[in-house]
Amino acid sequence: MADAHFEANNVLDILRERGFVQQVTNDDRVRSQLASGRVTYYVGFDPTAPSLHVGSMVPLMAMAHLARAGHRPIAVLGGGTTMIGDPSGRSELRQVMAVEQIQANRSQIEPQVRRFLAAASDAIVVDNAEWLIPLNYLEFLRDIGRHFSVNRMLAAEAYKLRLEKGLSFIEFNYQLLQAYDFLVLWRRHGCTLQMGGDDQWGNMLAGTDLIRRLHQEDVQALTFPLIQTASGAKMGKTAAGAVWLAADRTSPFDFFQYFVNVDDRDVGRFLRLLTFLPLPEIARLEALVGAELREAKRVLAHEITAIVHGLAAADAARSAALAAFGGVAGGDRSVPTYSVTAGELQGGLKVVDLLAAAGLAASKSAARRLVEQGGVKLGDRRIASVSDTVSVSDVADEGTLLHAGKKHLRRIVRA
RNA sequence: GGAGGGGUUCCCGAGCGGUCAAAGGGAACAGACUGUAAAUCUGUCGCCACUGGCUUCGAAGGUUCGAAUCCUUCCCCCUCCA
């Protein structure tokens, strides 16, 4: 029964060693399934924004590991389910999104997802709107809805919060739709494994149950731990908002910097989850202590940036960071730039205005505070007063770094 | 549909006619210390203007010299009843 190739390096072991596994419906089943041949598996992504953010990296990496092991991935972009909104683990009613917005988001996200499926030549990317939109309500209730127990759904952990705060009927249907997705994928593509974040556990089980009831078929589900940083925050949240995978929302440089700045305690875990580095190598990096650990963080940042933005961008971000934080005057080309015109400089551009315009401060008031707190530096010059201005001589030909605090900077160049 | 409770600045949560841009905590940001880490300490944390102005407390009106605080209507949420 077992296929030698798949048997020899069971991906389940890889996932487990790297910390991807939170819950599995049936460990032995998943293991033997993955050992006996190609498995078609799926993960869903809801296009609620024009880009995925680093929070989606865990499922994407898991998909990539399976693809590398020779299994067949299906990425479901939830154009249909997003019209409903998943209430799992949420405390508030999700805002209903415009269909056009969802479709626009979907087309932006698709290439981001595909990047992780490259190892499988026959990877499938589908939008569940394709089968959800044509659904006939009465037929759906009769054929699918009958298999769901409201009592059991209400008892689910995922709805606890919402039972106190309020759960609308539309959201209550989300689980049925996700279960139906699994059924469709099983019927069409023989998909027998669904993976997803642990908050999806209930929805995923609904799918395996549905397939068992309708077809007496034993399909599986596996969840990933929800990643929090050591300080308890959701991974990928910063002052500027989420850390996005799209380069035009989070520059490769800032993306790189996010990972250089992670908490010491997160380094090993992130290396295992978010890079493909072999475990012995990770063990070595993770064992570094004190300031040495920064080297591990640089490796982490470089690896992830390479996966998301490509090797060239990762190299550029790394050298830019070294230059910027190593004291190279004009910084490196890859530090995000902001151009000022000669006219603005002639007129005596206020540093406070520049900070706000370059995106280093949320408002002029915020910029003013930064200056007052002594956090602003233009080149080597510490800005001492909120009324300081930038003149032509302050901006070198190769650009001058404007620092807002220790970690945020822009390269100011003349237009 | 009925009765009661509630919607406050990013989050939680005080305030219940002036002293409120609004306590406290969290998050975040800056400075010090460090290792572009953590912990700790200090400061900041609506917007604009060099101690003044403007816009905020679900929405719209109203009472008042003056409202987040009182009244009216509306929207939304929760609990119990139907």
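First the proteins, then the strands, lettered A, B, ... as listed; each starts at 1. All values below were derived from every heavy atom in this structure, side-chain atoms included, with hydrogens, water molecules and symmetry-related copies excluded.
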- Message: Considering every strand and a 4.0 Å limit on heavy-atom distances, what is the contact class for A/Lys364: base, sugar-phosphate, or nothing?
- Response: sugar-phosphate
- Query: In terms of side-chain geometry, is the basic nitrogen of A/Arg212 or A/Asp209 positioned less than 4.0 Å from the acidic oxygen of its partner?
  - Reply: yes
- A/Arg369 side chain N/O closer than 4.0 Å to the phosphate oxygens (OP1, OP2) of B/rC48? no
- Should B/rA23 form a Watson-Crick or G-U wobble pair with both distances under 3.5 Å, which nucleotide is its partner? none
- Message: For a quick check of understanding: with a heavy-atom distance under 4.0 Å over all strands, which category does A/Glu372 fall into, base, sugar-phosphate or nothing?
- Response: nothing
- Task: Specify the residue among A/Arg382 and A/Asn261 whose closest nucleotide of RNA chain B lies further upstream toward the 5′ end.
- Result: A/Arg382
- What's the CG-P distance between A/Leu402 and B/rA30, to the nearest Å? 13 Å
- The Watson-Crick or G-U wobble partner of B/rU51, with both key distances under 3.5 Å, is none
- For A/Arg368 and for A/Arg298, find the nucleotide of RNA chain B with the closest heavy atom, then tell me which residue's nucleotide is more 5'. A/Arg298
- Message: Using the P atom as the point on both nucleotides, what is the distance between B/rG17 and B/rG52, in whole Å?
- Response: 28 Å
- Message: Any side-chain to backbone donor/acceptor pair from A/Lys377 onto A/Ala404? Under 3.5 Å, distance only.
- Response: no
- NA contact type, A/Ser365, heavy-atom cut-off 4.0 Å: base, sugar-phosphate, or nothing? base
- Phosphate contact (B/rA37 OP1 or OP2) by A/Lys407 side-chain N/O below 4.0 Å: yes
- Counting side-chain heavy atoms from C-beta on, which of B/rA37, B/rC45, B/rU36 comes nearest to A/Asp264? B/rA37
- Note on the structure: Paired to B/rG43 by Watson-Crick or G-U wobble criteria (both distances under 3.5 Å) is B/rC29
- Measure from NZ on A/Lys297 to C1' on B/rU34 and round the result to the nearest Å. 11 Å
- Item | N/O donor-acceptor pair, side chain A/Gln373 with base B/rG43, under 3.5 angstrom | yes
- Query: Nearest to the side chain of A/Lys406 - B/rA32, B/rC29, B/rA37?
  - Reply: B/rA32
- Query: Which one is paired to B/rU34, where only Watson-Crick or G-U wobble pairs with both distances under 3.5 angstrom count?
  - Reply: none
- Message: Any non-hydrogen side-chain atom of A/Leu285 less than 4.5 Å from a side-chain atom of A/Val299?
- Response: yes
- Would A/Asp254 and A/Arg410 pass as an ion pair if we require N to O under 4.0 Å? yes
- Query: With under 30° as parallel and over 60° as perpendicular, where do the rings of A/His71 and A/Tyr41 fit, or are they tilted in between?
  - Reply: perpendicular
- Task: Go ahead and name the base partner of B/rA59; Watson-Crick or wobble counts if both distances stay under 3.5 Å, otherwise write none.
- Result: B/rU73
- Query: Given atom CG of A/Asp388 and atom P of B/rC50, what is their separation to the nearest angstrom?
  - Reply: 14 Å
- Item | Nucleotide forming a Watson-Crick or wobble pair with B/rG1, both distances under 3.5 Å | B/rC81
- Under 4.0 angstrom, heavy atoms only, what part of the nucleic acid is A/Gly405 near: base, sugar-phosphate, or nothing? sugar-phosphate
- Does a sphere of radius 6.0 Å around CD in A/Glu292 hold more than 12 heavy atoms from other residues, nucleotides or ligands, not counting ones at 6.0 Å or beyond? no
- Task: Take atom CG of A/Asp263 and atom P of B/rA37, then tell me their distance rounded to the nearest Å.
- Result: 10 Å
- For A/Leu401 and B/rU36, give me the distance from atom CG to atom C1', rounded to whole Å. 14 Å
- Which nucleotide in the list B/rA37, B/rC45, B/rU36 gets nearest to the side chain of A/Ala321? B/rU36
- Task: Check every atom of B/rA37, B/rA38, B/rC50 against the side chain of A/Arg265 and return the nucleotide holding the closest atom.
- Result: B/rA38
- P atoms of B/rU8 and B/rA60, separation to the nearest Å: 16 Å
- Query: For the pair made of CG in A/Leu288 and P in B/rA37, what is the distance, rounded to whole Å?
  - Reply: 17 Å
- Task: Once you apply the 3.5 Å cut-off to both distances, tell me the Watson-Crick or G-U wobble partner of B/rC16, or none.
- Result: none
- Do A/Phe20 and A/His65 have their ring centres less than 6.0 Å from each other? yes
- Item | Between B/rC47 (C1') and A/Asp353 (CG): distance, integer Å | 14 Å
- Starting at CZ of A/Arg294 and ending at C1' of B/rU34, how long is that distance when rounded to a whole Å? 10 Å
- Quick one: is B/rC50 close enough that its OP1 or OP2 comes under 4.0 Å of any side-chain N or O from A/Ser387? no
- Message: Considering every strand and a 4.0 Å limit on heavy-atom distances, what is the contact class for A/Val262: base, sugar-phosphate, or nothing?
- Response: sugar-phosphate
